[in-house]
Structure formats: C-alpha cells, structure tokens
Amino acid sequence: MKFRPYPLVLGHEAAGVVESVGPEVTRFSPGDKAIPLFLPQCGECERCQSPKTNQCRKNWANTQMGVLADGTSRISCKGQQVYQFLGVSSFSQYTVVPDTSLAKIRSDAPLDKVCLLGCGVSTGYGAAVNAGKVEKDSSCAVFGLGAVGLAAVMGCQIAGAKRIIGIDINPDKFVKAEVFGATECVNPRDHSKPIQEVLAEMTDGGVDCALECVGSPAIMSAALESTRDAWGTCVIAGWTETEVMSVVVGKILMGRTLKGTYFGGWKSVQDVPKLVDDYMNNKLKLDEFITHTLPLDQINVAFDLLTSGKSIRTIISLWDSQEEAKPIEATT
C-alpha cells in the first residue's frame, strides 16, 4: 500500500452499535446496529446518482489520510493525534465515523458474523455477480482462495456457473473452496506449465470469467490470459496500490474484457443492509468464513494465522463478553 500517516489505528471490517450521534445526524439513533464503511455513499454526488459506479468521493481524500472532514481524527493518545485507517479504525472499542460511511442494519443481525460484509466477503461476492456478471452454466476461475476469493466462488455458484475452478498454492484451502461451490481446485505448483495454459487446456480454450483475488500483478496477467478469447472477462478484485500490471495487447484485441471492482460494486449504504438480509434469509454464507475467534490482545496471533494460511477470517472480540457490542458513533 501507499504510505499512511502514523500512529494509526487499523481495522476496517467491523460491526457495532451506535453509541451516540452528532447534532445534525438524522438517519441513526443510539442503539442502532450498524456496519462502518470505508467506501462512503453520500447519495447526492454525481457518482452516487449514477447506476454505473459505487465510488462516492465524499471526504475521500481525508479518510484516505486517516482524518475526518475537518482534517483531524477523533482518536488521540497523550495529547498526540492518532489517525483513523480509511476513516474507520475498527480495532478499537469506540470510533467515530461520518454518517455517510455507515450502514444501518437490522436489529437481529449477529454482529460477529455480519462484520464480514464490511469488506472482504462483499468485495469477492460482488466481483462475481456485479462486475463479472457471471452467467448460468458458464465456466469460472477464481485466483486466490482467501476470504475474497471464497466469496467470489460463492458468487459464481449463486449465479449458476457450471464449472468453478479454484486456484491457490495452499491446498489446505481446497476443502473450504468446495464448501462454497468450487467444482475443482488447482495448485499451480503441481504443474510445469503456466497456470493460464493449464486452465486453457482444462476448459478447451479458457474460462468465461476469471476473478483475481490475490493482489499480484503477475497473477492478474495470468487470470486475463486464462479467459476465452472473443468474450472472456477478467475481474481484478485483489488489492495493490503500487504495482503495475502487464497486459499483452493481443489478449484484449481478441475480445477479452479486463475490469476492476472496488467493494464489489455495491453502493455501500444502501446495499450492505440488503446483504445482511440475504445472510439472515440463508441466501448468503458467512459463518463458513470464520475459522477463529480471538480477543483484541491476541490480534497478533490472528495476523500470524492469516499470513501462515491457517485461517480465513478471525473474528476479533473487542469486549470481555461476547454479549456486549462494540459501539460506533456517527457524526456529520
């Protein structure tokens, strides 16, 4: 990632309860359950009014640098300003967010499950159904089987894809991928050929849709080249701010489409509550992503589990009791 100012409270995938609201806030009340959003939706700008994008830029430059609209954060320590990651900072028992960066959700939603909709699951699922527009009986390849990739697999399965190929260098994730709908899995290290050539042979020319969920430019190129010419679509969901992707021009000229997605294309304030409803109505998996639950003081253990490939999502409990919920304060 690009440099963010320090000291910084991390965390951007969370759920909590509104503790209090600023004087001009009208859409939230204390006690509301909510999911903070690193991508705002003001509902008023040109981008919010357009069905073509979800990329509202309300307070965007400020939140990217860890502050709110007035140029300061709401967190301090010993008189020093502490910055808020993406304007959220959810690795904290309390945080303050703009009302345009908060989604009110139903009161019976379990916070320790729906918190996953704050980023990873929504991104991967939306990459398949919104950006990739995966069709019934199509063939798909998902590169990377972390939470984003597994959510993409789930999106392909819900969309009715007939063949869903999961690709990862960690074979321990293959069983989990099958739970979400993968019909087969491939470890690139088991083959002497580039993975795009392996997939082209497996599918007699390439897949209809490839979803890159790693954040590696080399894998992005491989994903594009694994799609069928004439109509193949490659969606980039993996995150990198600093690297460059190499594209063979002929791969595009022959009819392939290369596109990216941010937060899965969901308009955050209005769509996240709908995703919560889908989970509550058993139309969307969330529990299956959760492999561990740890208290905040063991968060470094959670990072170790993630980097070692032993976890998909670890839920961080910010309070001593699971019955208590993390408050969120909304402001303008």
Side-chain angles (χ1 to χ4, degrees), residues 51-54 116-117 119-168 173-174 176-186 195-196 198-200 202-215 219-239 251-252 254-267 271-272 274-275 277-279 281-286 288-289:
K52 297 179 180 180
T53 184
N54 64 338
L116 299 184
L117 293 170
C119 182
V121 173
S122 299
T123 296
Y125 178 50
V129 299
N130 293 332
K133 300 188 185 304
V134 172
E135 298 178 340
K136 189 177 186 302
D137 295 328
S138 63
S139 60
C140 301
V142 177
F143 289 75
L145 298 175
V148 176
L150 292 174
V153 169
M154 177 173 66
C156 294
Q157 191 269 335
I158 290 174
K162 181 167 60 176
R163 195 171 184 183
I164 306 170
I165 306 169
I167 300 103
D168 203 290
K173 295 184 177 180
F174 292 169
K176 182 70 77 169
E178 292 173 0
V179 170
F180 285 97
T183 57
E184 55 206 293
C185 294
V186 179
I195 186 61
Q196 55 266 46
V198 173
L199 291 171
M202 290 174 61
T203 57
D204 192 26
V207 294
D208 299 310
C209 183
L211 300 116
E212 195 279 344
C213 303
V214 178
I219 298 175
M220 293 173 185
S221 297
L224 173 65
E225 294 177 13
S226 73
T227 61
R228 187 176 299 273
D229 62 8
W231 65 73
T233 297
C234 175
V235 179
I236 306 301
W239 181 260
K251 300 296 182 181
I252 300 293
M254 290 298 103
R256 294 176 176 86
T257 298
L258 174 65
K259 61 196 306 186
T261 185
Y262 192 68
F263 195 50
W266 304 109
K267 287 186 179 286
D271 286 336
V272 167
K274 297 175 184 176
L275 293 173
D277 288 342
D278 284 346
Y279 165 70
N281 293 325
N282 297 315
K283 296 179 181 179
L284 204 64
K285 289 182 173 70
L286 288 182
E288 291 82 356
F289 289 94

Donor-acceptor contact below 3.5 Å, side chain Lys251 vs main chain Ser221: no
Point-to-point distance, once rounded to the nearest 0.5 Å, from OH of Tyr262 to OG1 of Thr123: 8.5 Å
Any donor-acceptor pair under 3.5 Å from Asn54 side chain to Trp266 backbone: yes
Student check: side-chain heavy atoms of Phe263 and Ser122 closer than 4.5 Å: yes
Any donor-acceptor N or O pair under 3.5 Å, side chains Arg256, Thr227: yes
Donor-acceptor contact below 3.5 Å, side chain Asp168 vs main chain Gly144: no
Over 12 non-hydrogen atoms of neighbours within 6.0 angstrom of CG in Asp204: no
For Cys156 against Val142, the heavy-atom pair lying closest together: SG-CG2, 4.4 Å
Gap between atom OH of Tyr125 and atom CG of Leu284 - 0.5 Å precision: 5.5 Å
Shortest non-hydrogen separation from Leu145 to Gly166 and the atoms involved: CD2-CA, 4.0 Å
Val272 backbone acceptor or donor facing Lys267 side chain under 3.5 Å: no
Distance, nearest 0.5 Å, that separates CE of Met154 from CD1 of Ile164: 11.0 Å
Atom pair CD1/OG of Ile165 and Ser139 - distance to nearest 0.5 Å: 7.0 Å
Nearest non-hydrogen partners of Ala151 and Gly120, listed with the distance: CB-O, 4.3 Å
Side-chain (Lys285) to main-chain (Phe180) donor-acceptor, under 3.5 angstrom: no
Spacing of CZ belonging to Phe143 relative to CD1 belonging to Ile219, to within rounding of 0.5 Å: 8.0 Å
Minimal non-hydrogen separation, Ser138 against Val134, with atom names: OG-CG1, 3.5 Å
Atom CD of Glu135 with >12 non-hydrogen neighbours under 6.0 angstrom: no
Audit row: Ile195, Val186, side-chain contact (heavy atoms from CB on, under 4.5 Å) steps and yes/no: CA-CA 9 Å; Ile195 186 61; Val186 179; 3.7 Å; yes
Donor-acceptor contact below 3.5 Å, side chain Arg163 vs main chain Val207: no
Test item: Glu212 side-chain N/O and Gly238 main-chain N/O as donor-acceptor pair under 3.5 Å: yes
Closest non-hydrogen atom pair between Gly265 and Asn130, with its separation: C-ND2, 4.1 Å
Test item: Cys234 and Leu211 side chains (from C-beta on) under 4.5 Å apart, heavy atoms: no
Expected output: side-chain Asp208 to main-chain Gly232 donor-acceptor under 3.5 Å: no
Atom pair CG (Asp271) and CG (Leu117), whose distance is rounded to the nearest 0.5 Å: 11.5 Å
Over 12 non-hydrogen atoms of neighbours within 6.0 angstrom of NZ in Lys162: no
Lys176 side-chain N/O to Lys173 backbone N/O, donor-acceptor pair under 3.5 Å: no
For the student: nearest non-hydrogen atoms of Ala210 and Ala223, plus distance: CB-O, 3.4 Å
Ser226 (side chain) donor-acceptor with Leu199 (main chain) under 3.5 angstrom: no
Within-4.5 Å side-chain heavy-atom neighbours: Val179 and Leu150: no
